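Fair warning: this is a prediction, and the values are worked out from it, not measured in the lab. One-based numbering along the sequence shown. Computation of the quantities below employed the complete heavy-atom set of this structure, encompassing side-chain atoms and omitting hydrogens, waters and symmetry-equivalent molecules.
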Amino acid sequence: FSAVSKLVKGLGIDIPQLFTKTNTQTGRGGRRDITLNGEGKQRLTPTYEHQILGAQLLNKKMLPYRTTIRARSFDEFDDWVRHQGEELLYVLKGSVTFFTEFYEPIQLSEGDSAYYDCEMGHAVTSNSEDDAEILWVTA
């Protein structure tokens, strides 16, 4: 009893908690954010036009955004794009060239996707006559 008392005191719990099965089920969340077409939070760069989706939710585990690719050449970038996390790129409209620091550039068309480590330099250019559009999800 003395040892158990010391253990629960050290853990900051009551004795019954020591012998009770923990609830491994996750609670049902109630988070939701709706972004109507064209109403995402705009973020413009010289090469991309981002529309951030789900912008009202705080502490998200991923950052989804729809991007219009205005760049037509890798030379339009000052340097590689790099940041923490992993990313999924999904081509919604048109055709793009996906450049990565350690791999040969690859052309992706509507419906194609790429999943990659964002700390690796990367950039995307449009091959289409009109600007291409992609869905990016960063985690």
- Indicate whether any N or O donor in one side chain lies under 3.5 Å from an N or O acceptor in the other, for N127 and T97. yes

- Item | From OG (S113) to CG (L92), nearest 0.5 Å | 11.0 Å

- Just by modelled atom types, is the Q56 backbone N or O under 3.5 Å from a matching donor or acceptor in the D33 side chain? yes

- Message: Starting from V96, can I reach L135 by hopping between I/L/V/M/F/W/Y residues whose side chains sit under 4.5 Å apart?
- Response: no

- Note on the structure: So CD1 of I106 and CG of D112: to nearest 0.5 Å the spacing works out to 8.0 Å

- Message: A quick test of your reading: do over 12 heavy atoms of other residues, nucleotides or ligands sit less than 6.0 Å from OH of Y103?
- Response: no

- Task: Could you give me the CA-CA distance, side-chain angles and deciding distance for L108 and L89, then say whether side chain to side chain contact (heavy atoms under 4.5 Å, CB included) is met?
- Result: CA-CA 10 Å; L108 301 172; L89 174 162; 3.9 Å; yes

- Item | Value rounded to 0.5 Å, distance of NZ in K41 from CD1 in I52 | 5.5 Å

- Query: What's the spacing between E110 CD and Y90 OH if we round to 0.5 Å?
  - Reply: 9.0 Å

- Item | Shortest non-hydrogen contact from K60 toward L53 | NZ-O, 4.5 Å

- Query: When rounded to the nearest 0.5 angstrom, what is the spacing between OH in Y48 and OG1 in T68?
  - Reply: 12.0 Å

- Query: If every non-hydrogen atom of G94 is compared with every non-hydrogen atom of V91, which pair is closest and at what distance?
  - Reply: O-CG1, 3.5 Å

- Task: Look at atom CZ of R32 and say whether more than 12 heavy atoms of other residues, nucleotides or ligands are closer to it than 6.0 Å.
- Result: no

- Query: Closest approach of Y65 and E87, non-hydrogen atoms and distance?
  - Reply: OH-OE2, 3.0 Å

- Message: Count I, L, V, M, F, W, Y as connected when their side-chain heavy atoms are under 4.5 Å apart, and connections chain through other members. Are F77 and F102 then in the same cluster?
- Response: yes

- L63 reachable from I69 in the ILVMFWY side-chain graph, under 4.5 Å edges: yes

- Message: I need the Q42 CD to E39 CD distance, nearest 0.5 Å.
- Response: 10.5 Å

- Are R82 and D117 within salt-bridge range, i.e. N to O under 4.0 Å? no

- Relative to the ring of H50, is the ring of W136 parallel (under 30°), tilted (30 to 60°) or perpendicular (over 60°)? tilted

- Item | Least distance between heavy atoms, S126 atom then S128 atom | OG-N, 3.3 Å

- Note on the structure: For E49 and L44, the nearest pair of non-hydrogen atoms, with its separation, is CG-CD2, 3.2 Å

- Note on the structure: Of R70, R66, R72, K93, the one forming a salt bridge (Lys or Arg N to Asp or Glu O under 4.0 Å) with D131 is R72

- Query: Counting only heavy atoms not in M120, do more than 12 sit closer than 6.0 Å to its CE atom?
  - Reply: yes

- Message: Checking the side chain of H122 only, and the main-chain atoms of V81 only, is there a donor and an acceptor separated by less than 3.5 Å?
- Response: yes

- Message: Between F98 and Y116 (judged by ring centroids, cut-off 6.0 Å), do the two rings come close enough to count as a pair?
- Response: yes

- Scanning both residues in full, the closest heavy-atom pair of W80 with G121 reads CE3-C, 3.3 Å

- Side-chain donor-acceptor pair under 3.5 Å between Q107 and S95, yes or no? yes

